[in-house]
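Here the structure is laid out as structure tokens; the discussion comes afterwards.
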Amino acid sequence: MISQFFYSVIRFFSSLKTIVVLLILFMILVFVSTLAQVDMGIYHTKKTFFSPLFVTYSVGGIPVPVFPGGLLIGILLVISLIAAHFSRFKWTWRKSGIWLTHMGLIILIAGSGIAGMMSVESQVAIEEGQTKYYSESLQLMELAVEIPGQTEVKIVSIPQELLRENSVIHHDLLPFDIRVLRIYPNSQLQLDVPGEFPDVKIAGRAVTVWPAALTRKDNLRNMVSAYVTLESKGESLGTWLLSGWLEFPQIVQVEEQPYYLSIRPMRYYTPYSLTLQDFTHDIYPGTTIPRNFSSKVYVADTQQNEFQEALIYMNHPLRYRGKTYYQASYGKDNTLSVLQVVENPGWILPYVSSAIIALGLAIQFLLHLGVYLRRKRHDVA
Amino acid sequence: MKKVLMISVFVLGILSLTGCNDNSIRVYTIPREVASPNVALTVTESEPALSGISWTVPSGWIKEEASGFRQGSFLIRQSNGRQAEVTVVMLSGNAGGLLANINRWRGQIGLQAVTETDLPRIVTAQTLNGMEFRIVNFAGQVNSVKTRIVAATLNRGNDTWFFKMMGHDQVVTQSMPEFTQFLKSISFNGGS
């Protein structure tokens with residue numbers, strides 16, 4: 001029964017029809033998402049079309065699946081390739097090239113799936129002489145509660161996905177629960193006009209929040225704002241406005257311990273620091289065309305007792321402890337460097353798969369060349 | 001049918017492994033010296049550091065306590081008791097945009113809102129000390145007292161600065177030269 005089941009599964013997925021259908025679905029997905037990217041930007045296109053199992057359409061507030069998403073198609077494609085690979089391709093020296101090429105393709109697609117599911121992208125904007133211990137997400141925001149101690153600061157980072165209206169957030173490190181009264185996924189602030197919660201004041205002035213339309217542009221951020229009430233032992237400690245627009249935290253004191261609350265771009269702290277020693281920007285003489293820009297950084301890792309300088313420039317990123325730092329942009333009269341940070345546990349898979357595919361193709365080519373030369377010699381003889 | 005059902009169960013089993021979504025709360029511990037400068041061991045009432053801005057305060061302006069994103073606050077008081085207030089506020093982003101802020105100020109002194117098409121008529125662009133300010137000047141009434149607002153906005157990088165003088169019409173009008181000198185004296189990190 002079980003062996004029959006697996007046989008049926010393998011036969012279904014190894015069928016050429018299955019793979020062709022999956023490829024057609026993928027091509028449709030790529031076509032539609034390419035058109036959508038004009039308005040949605042890369043991040044939201046990926047989130048809508050490629051990251052989920054299904055592309056959904058909201059009907060009365062309920063997401064209804066309307067098309068397979070990139071994740072589903074990718075998984076089924078990998079299953080199909082594996083099923084076809086092991087059921088159709090027998091290992092022989094004559095077929096070794098094709099075998100390796102297909103194996104490389106499976107690894108490549110699986111690697112892109114791992115990257116899609118597990119990679120984290122962020123950015124470090126750092127000025128010359130500045131040292132940073134974190135990178136920031138370009139899209140995601142967090143409600144951060146900083147708890148200063150004598151020698152260290154504990155930070156409780158609450159992702160914005162957990163900030164839903166009427167939700168109550170509890171964490172053992174906090175002496176209060178955070179009740180979300182209102183959440184604005186994108187917002188603007190207005191001073192001197194009391195809002196829905198008139199007791200809330202910023203720096204002694206009334207403030208209100210307008211909801212703003214969500215932006216999907218890659219270079220713009222949705223500024224999250226939220227009204228929260230802090231509750232401790234059944235009593236309210238007050239209502240606060242937290243907003244990505246505010247550059248300073250709201251301070252709550254509980255039993256002589258201050259807690260600093262803020263909504264800010266999500267931070268990814270590292271156990272090492274990065275100092276920008278020098279940023280250089282060369283242009284072609286007589287033009288404004290950039291020729292080269294590079295960042296000389298100093299990495300100080302007291303945890304692993306490693307200290308090193310590194311030069312980051314185009315096609316020459318810094319790889320350190322699972323993160324890769326790419327030179328992305330610059331500003332402030334060439335004193336600010338912006339580094340794109342990628343954390344992808346499967347980063348090596350594209351290189352491995354490319355090497356295997358190249359080896360497979362080379363073997364297949366050489367095998368065919370050998371056959372051709374032998375045939376030619378035979379004909380001459 | 002049975003085969004289709006079995007294959008579907010197999011696929012769903014594989015897909016269930018992709019259901020994990022890490023939106024959990026995380027806790028970091030960082031050394032004290034690398035924490036945000038806003039984080040202090042104790043809460044004090046001290047004035048926060050200005051965001052790299054400096055100015056020359058005209059004589060006669062009384063400095064008031066600044067806090068939060070109010071970077072500066074001054075009182076202009078005349079001997080007859082009439083007064084005006086000058087505030088300096090910095091917000092990230094465009095803070096709602098110029099039109100919205102103009103209408104907010106107009107609303108504060110009982111004036112009707114304007115539209116985008118009115119902006120060229122009521123907004124004056126003026127370059128002072130190498131920086132371009134957009135300035136509005138209008139008068140209305142607050143509690144039957146003629147009140148004037150003169151406000152200048154300055155976009156600097158990702159931030160918007162608001163320099164606003166609001167108070168009795170006579171005080172604001174007479175303080176215009178000092179307000180202009182104040183704007184001219186503004187510099188950031190030692191330069192414009």
Side-chain angles (χ1 to χ4, degrees), chain A residues 4-6 8-9 12-13 53 71-72 75-76 79 113 117 131-134 142 146-159 161-162 169 171 173 188-193 202-205 210 212 221 223 244-249 251 253 256 258 260 262 267 269 273 331-332, chain B residues 2-7 9-11 14-15 17-44 48 51 65-70 73 87 89-97 100-101 104-105 107-108 157-159 162 164 166:
Chain A
Q4 263 185 332
F5 164 70
F6 277 113
S8 302
V9 169
F12 173 78
F13 279 107
L53 291 171
L71 182 61
L72 177 60
I75 288 171
L76 295 179
I79 294 173
M117 283 192 288
T131 298
K132 282 212 169 165
Y133 278 80
Y134 60 85
E142 63 179 10
E146 296 190 46
I147 312 166
Q150 289 294 336
T151 56
E152 58 188 26
V153 176
K154 282 195 170 26
I155 300 166
V156 178
S157 162
I158 303 164
E161 286 83 0
L162 296 182
I169 296 159
H171 194 274
L173 279 180
Q188 290 284 359
L189 294 191
Q190 188 172 3
L191 292 175
D192 300 330
V193 176
I202 297 295
R205 302 176 71 160
W210 312 322
R221 182 189 292 280
M223 284 301 208
W245 289 114
L246 300 175
E247 291 210 332
F248 51 92
I251 307 167
Q253 194 126 351
E256 305 304 317
Y260 294 77
S262 56
R267 290 187 182 179
Y269 283 94
S273 70
K332 283 196 176 179
Chain B
K2 205 172 167 184
K3 207 188 302 180
V4 168
L5 191 64
M6 287 194 299
I7 291 169
V9 167
F10 174 76
V11 170
I14 299 281
L15 295 180
L17 297 174
T18 66
C20 306
N21 201 3
D22 186 17
N23 280 332
S24 51
I25 297 174
R26 293 170 299 163
V27 177
Y28 297 100
T29 301
I30 58 173
R32 184 84 181 78
E33 59 269 20
V34 306
S36 158
N38 282 322
V39 171
L41 266 180
T42 55
V43 179
T44 67
S51 301
E65 188 184 323
S67 59
F69 51 46
R70 185 188 281 202
S73 185
T87 55
V89 168
M90 188 269 287
L91 289 174
S92 293
N94 71 351
N101 281 288
R104 176 169 59 82
W105 295 325
Q108 286 174 346
N158 198 37
D159 303 326
F162 298 90
K164 190 178 87 171
M166 175 177 169

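Here is the naming used below: chain letters follow the sequence lines, and residue numbers restart at 1 for every chain.
Annotation: the span from I25(B) atom CD1 to L162(A) atom CG amounts to 6.0 Å, rounded to 0.5 Å. Distance CZ/R26(B) to CD1/I158(A): 11.5 Å, rounded to 0.5 Å.
With sequence neighbours left out, S157(A) forms a side-chain hydrogen bond (donor to acceptor under 3.5 Å, both in side chains) with E142(A). For T29(B), there are no side-chain hydrogen bond (donor to acceptor under 3.5 Å, both in side chains) partners, not counting sequence neighbours.
Between the side chain of Y28(B) and the backbone N or O of R267(A) there is at least one donor-acceptor pair closer than 3.5 Å.
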Next on the checklist: Let's go through H171(A) and V27(B) carefully: what are the C-alpha distance in whole Å and the side-chain angles of both, what is the deciding distance for side-chain contact (heavy atoms from CB on, under 4.5 Å) to 0.1 Å, and is it a yes or a no?
Outcome noted: CA-CA 10 Å; H171(A) 194 274; V27(B) 177; 3.5 Å; yes
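Taking every heavy atom of both residues into account, P159(A) and S24(B) meet most closely at CG-O, 3.5 Å.
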